[in-house]
Amino acid sequence: MTNIEISVTTDYKKRANDYVHEVYDLVKKRNPDEKEFLQATREIFDSLRPVFIKHPEYIKNGILERITEPERIIQFRVAWEDDQGKVHVNRGYRVQFNSDLGPYKGGIRFHPSVNSSIMKFLAFEQIFKNALTGQPIGGGKGGADFDPKGKSEREIMRFTQSFTTELSKYIGPDVDVPAGDIGVGRREIGYMFGQYNRLKGGYEAGVFTGKDPNHGGSLGRKEATGYGTVYFVDEMLKAKNLSFKGKTVIVSGSGNVSIYAMEKAMQLGAKVVACSDSDGYIYDRNGIDLDLVKQLKEVENKRIWEYTKEHPEAEYHEDRSKIWSIKCDIALPCATQNELDEIAAHMLVANGVIAIGEGANMPCTLEAIDLFQEHEVLFAPAKAANAGGVAVSAMEMSQNSMRLSWTVEEVDERLQAVMKNIYASCIDAAERFGHPGNIVVGANIAGFLKVADAMVAHGIN
Ligand code: NDP
C-alpha cells in the first residue's frame, strides 16, 4: 500500500468511527432513560463500523440517523372492565419502526413490564431479524402493560378486544401484521382477529399471524421459533463437527419458545435437564418430562414448581437466575430480555458450556456476550437464531394471500432452509467485513445491509 492509500483508508476509518459515535450520542440524547433501546442500538452500532468504511454512501444518506428513529409510535389507552365490574386502564403501544422491506411485522406482548423502551428495542431488533429471513417484511412491535396472570378468560378476552379496537386503526394485511409474543398466544390472536374483522366488516385473513391452523393459521407456526433456534444452533455446531446428540441442555422459560426449543433439542438426541418460569426453575437430572411441562403450561396454566408433584425426584429452586449454574453443554435462554448476565455467563463458562442460542429477544447482556466471545463459546444471537417464528409468520401471510395451506412437513422444510440460509448469510457477512466466525457481527451486518440498501433506493424520507 502506498502512503496515499494508507492515509485514504485511515480517513475512511476515522469518518466511519466518528459517524457511529455521533449518531450514538444523538440516539442517547433523544432517548434518555430508555436503557433496553439504547442497549439494542449499541449492540448493533458496535458491529457496523466496517460497513461504513466500505459504504460511505450510507453515511451520505443518513442511514443510521434514520434507521434508529421509528417511522411512527402509537400509544393508546386501553380501558376494560373486570369480572366484578371495576374499570381498569392499561397503556397500549404499536411501534412501526421501519417499512422499507415490507409491511411492519412483529409480535404483541402483554406483560406488566411493557414500556416505550422495551417496545422500541423489540421493534428495532425486529427490523434486522425480518431482513435476515429474506422475506418482504418490515419491523414493528406492540403490546400493553397488562398482566394476564390471575385474570379470568373473559377478562383476557375483554382486554384484548379493547386493545384491538384501537390497534385496528393502524394495521392491515399490507400495512402492519402483528403476531404473538410474551403473554400473547393463539387464544389472544384469535380474539384480536375476531375483533378486527368485526370492526372492518369483512374477513382479512392476513392481518394477524399465529392464528389457529383451523382458522387461517399456518401449521408449524407454534413450533417455529423454538425449532428454528435449535436448527440454527445445530448449524453452528455442525460447522465444528459437533451436534446435539448426547449433549446436556438447559432452556430458560417454559412458554412457547422454550417448549418447542426443548422438543427439537430432544428430537436431535439432547438431554434437556432444566427449564423455568418467572418464579423459579426445575432441575430434573433424568431429563425433563416435556409432556408434563406442556400439560402444566399449555393446558392448565400452572406454575413450573408443580412439575415436582409428578416428579418428586426433580428439584425446584426459587431463584430463577440460578438456572445457569447447572452444568450443561448448550444453554438456550428463551424467556425474556437480560435474563442472562455476566455472573450467569461466568457460571456457564466455568462449567464448560460450548454453545449459547438466544431463543428470547436480547436475553444476554452485552457483558455476557463479550465473555462468551472471549472464551470462544459458540454464540447464536437472537436476531438470527429466533427468526424462525417470524419467517413462518411470513409464510402464513403468503398462504393467506393464496388461500391455501401448506402441510406441516412443507413448512418445516422451508423453516430449515431459512435457518440454514440465515446462518450462511451471517457467516458470509462476518467474513467479508473482517470478523470471520463472529455470528453477532455477521447477523447485524447482513440484516443491516438489506435494509440500508432499500433505504438508499427509496430516497430520503
Ligand atoms: P411466553 O409468554 O409463551 O413465555 C414466556 C416464558 O418466559 C414464560 O415461561 C414466562 O414465565 C417466562 N418469563 C417471562 N418474563 C420473565 C421474566 N421477567 N423472568 C423470567 N422468566 C420470564 O412467551 P414466548 O415464549 O412467546 O416468548 C419468549 C421470548 O421469545 C421473548 O423474549 C419473545 O420476545 C421471544 N420471541 C418469541 C417469538 C414467538 O414466536 N413467540 C418469536 C421470537 C422471539 P411466566 O409464565 O412465569 O411469566
Side-chain angles (χ1 to χ4, degrees), residues 36 40 105-114 118-119 121-126 128-130 132-133 139 141-143 146-150 156 178-189 208-210 217-218 220-229 232 251-263 274-282 293-294 296-298 300-307 318-324 332-341 344 357-364 381-394 396 415:
E36 292 85 2
K105 181 92 198 79
I108 299 281
R109 174 177 294 191
F110 289 166
H111 193 272
S113 65
V114 161
I118 289 179
M119 290 288 98
F121 114 68
L122 288 164
F124 183 68
E125 290 274 301
Q126 198 80 42
F128 307 101
K129 180 191 315 212
N130 292 3
L132 282 170
T133 67
K141 199 85 186 188
F146 170 75
D147 189 357
K149 279 204 198 94
I156 289 176
D181 192 77
I182 292 179
V184 176
R186 214 175 249 181
R187 176 183 62 177
E188 291 73 18
I189 293 292
F208 289 100
T209 60
S218 175
R221 172 62 186 90
K222 185 172 70 165
E223 296 83 358
T225 310
Y227 278 19
T229 301
F232 191 92
V251 179
S252 61
S254 46
N256 172 259
V257 180
S258 318
I259 285 176
Y260 293 96
M262 290 195 259
E263 183 163 282
C275 67
S276 59
D277 62 18
S278 53
D279 294 336
Y281 70 90
I282 48 162
V293 174
K294 282 187 182 177
L296 291 172
K297 289 296 183 179
E298 289 188 327
E300 296 173 12
N301 208 5
K302 292 208 165 133
R303 308 308 298 159
I304 202 66
W305 69 264
E306 302 200 40
Y307 180 96
E318 268 181 8
D319 185 351
R320 62 174 196 252
S321 66
K322 290 278 170 17
I323 192 173
W324 311 117
L332 305 175
C334 294
T336 195
Q337 65 274 357
N338 291 329
E339 55 164 314
L340 198 166
D341 61 10
E358 292 191 316
N361 282 311
M362 208 168 74
C364 299
K383 54 175 82 67
N386 74 23
V390 73
V392 173
S393 271
E396 184 169 323
L415 171 64

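Note that ligands are numbered from 1 as they come in the structure, with each ligand's atoms numbered from 1 the same way.
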Next on the checklist: Using a 6.0 Å cut-off, check whether atom CD of E300 has over 12 heavy atoms from anything other than its own residue.
Outcome noted: yes
Checklist entry - If we only count heavy atoms from C-beta on, is the I323 to E339 side-chain gap below 4.5 Å? => result no
Item to check | Protein residue, atom and distance nearest to atom 3 (O) of ligand 1, heavy-atom basis | outcome: N256 N, 2.9 Å
Checklist entry - Nearest protein heavy atom to atom 18 (N) of ligand 1, by residue and atom, and its distance? => result T336 CG2, 3.5 Å
Checklist entry - Can you list the atoms of ligand 1 that are under 4.0 Å from a heavy atom of G253? => result 9 (O)
Checklist entry - For ligand 1, which atoms, with element, lie under 4.0 Å from some heavy atom of G183? => result 2 (O)
Next on the checklist: Considering non-hydrogen atoms of the protein only, which is the closest contact for atom 27 (O) of ligand 1, and what is the distance?
Outcome noted: I182 CG1, 3.7 Å
Item to check | Those residues that, when tested against D341, pass salt bridge (Lys or Arg N to Asp or Glu O under 4.0 Å) (two or more places apart) | outcome: none
Checklist outcome for this item: Between F110 and P148 the two heavy atoms that sit nearest each other are O-CD, 3.7 Å
Checklist entry - Between the candidates I259, V257, N338, V184, which shows the shortest non-hydrogen contact distance to atom 37 (C) of ligand 1? => result V257
Next on the checklist: Less than 4.0 Å is my threshold; does some heavy atom of R109 fall inside it relative to ligand 1?
Outcome noted: yes
Item to check | Least distance between heavy atoms, S254 atom then V293 atom | outcome: CB-CG1, 4.2 Å
Checklist entry - Which residue holds the protein heavy atom closest to atom 34 (O) of ligand 1, what is that atom called, and what is the gap in Å? => result D181 OD1, 2.6 Å
Checklist entry - Tell me, which protein residue and heavy-atom name are nearest atom 4 (O) of ligand 1, and how many Å apart are they? => result G255 CA, 3.2 Å
Checklist outcome for this item: Closest to atom 48 (O) of ligand 1 among protein heavy atoms sits K149 NZ, 3.0 Å
Checklist outcome for this item: Heavy-atom nearest pair, L415 first then A224, reads CD2-O, 3.8 Å
Checklist entry - Is there side-chain contact between F208 and E396, with heavy atoms separated by less than 4.5 Å? => result no
Checklist entry - Got more than 12 heavy atoms from elsewhere within 6.0 Å of NZ, K322? => result no
Item to check | Reference residue D277; test salt bridge (Lys or Arg N to Asp or Glu O under 4.0 Å); the match among R320, K302, K149, K297 | outcome: K297
Next on the checklist: Can you report which non-hydrogen protein atom sits closest to atom 40 (O) of ligand 1, along with the distance?
Outcome noted: T225 OG1, 2.7 Å
Checklist outcome for this item: Looking only at protein heavy atoms, what sits closest to atom 10 (C) of ligand 1 is S278 N, 4.4 Å
Checklist entry - How does A179 reach ligand 1, by side chain, by backbone, by both or by neither, if only non-hydrogen atoms under 4.0 Å count? => result neither
Next on the checklist: Using every non-hydrogen atom in the two residues, find where C275 and G253 come nearest and quote the distance to one decimal.
Outcome noted: CB-O, 3.4 Å
Checklist outcome for this item: Those residues at least two apart in sequence (or on a different chain) that pass salt bridge (Lys or Arg N to Asp or Glu O under 4.0 Å) with R109 are D181
Item to check | Check: E188 and I156 side chains under 4.5 Å, non-hydrogen atoms | outcome: yes
Checklist outcome for this item: At under 4.0 Å between heavy atoms, what of R303 touches ligand 1? The answer is side chain
Checklist entry - Does N361 approach ligand 1 within less than 4.0 angstrom via side chain, backbone, both or neither, non-hydrogen atoms only? => result both
Checklist entry - Heavy-atom contact under 4.0 Å between R320 and ligand 1? => result yes
Next on the checklist: With heavy-atom distances below 4.0 Å as the criterion, list the atoms of ligand 1 near C334.
Outcome noted: 28 (C), 29 (C)
Next on the checklist: What I'd like to find out is whether the side chain of K105 reaches to under 4.5 Å of the side chain of T209, using heavy atoms alone.
Outcome noted: yes
Item to check | Contact (N/O only, under 3.5 Å) between Q337 and ligand 1 | outcome: no
Checklist entry - Out of A335, G389, S113, whose heavy atom is nearest to atom 7 (O) of ligand 1? => result A335
Checklist entry - Numbering the atoms of ligand 1 from 1, which are under 4.0 Å from a heavy atom of H111? => result 15 (N)
Checklist entry - For S258 and ligand 1, does the shortest N/O to N/O distance drop below 3.5 Å? => result no
Checklist entry - Looking only at heavy atoms, is any part of E298 under 4.0 Å from ligand 1, and if so is it the side chain, the backbone, or both, or is it neither? => result neither
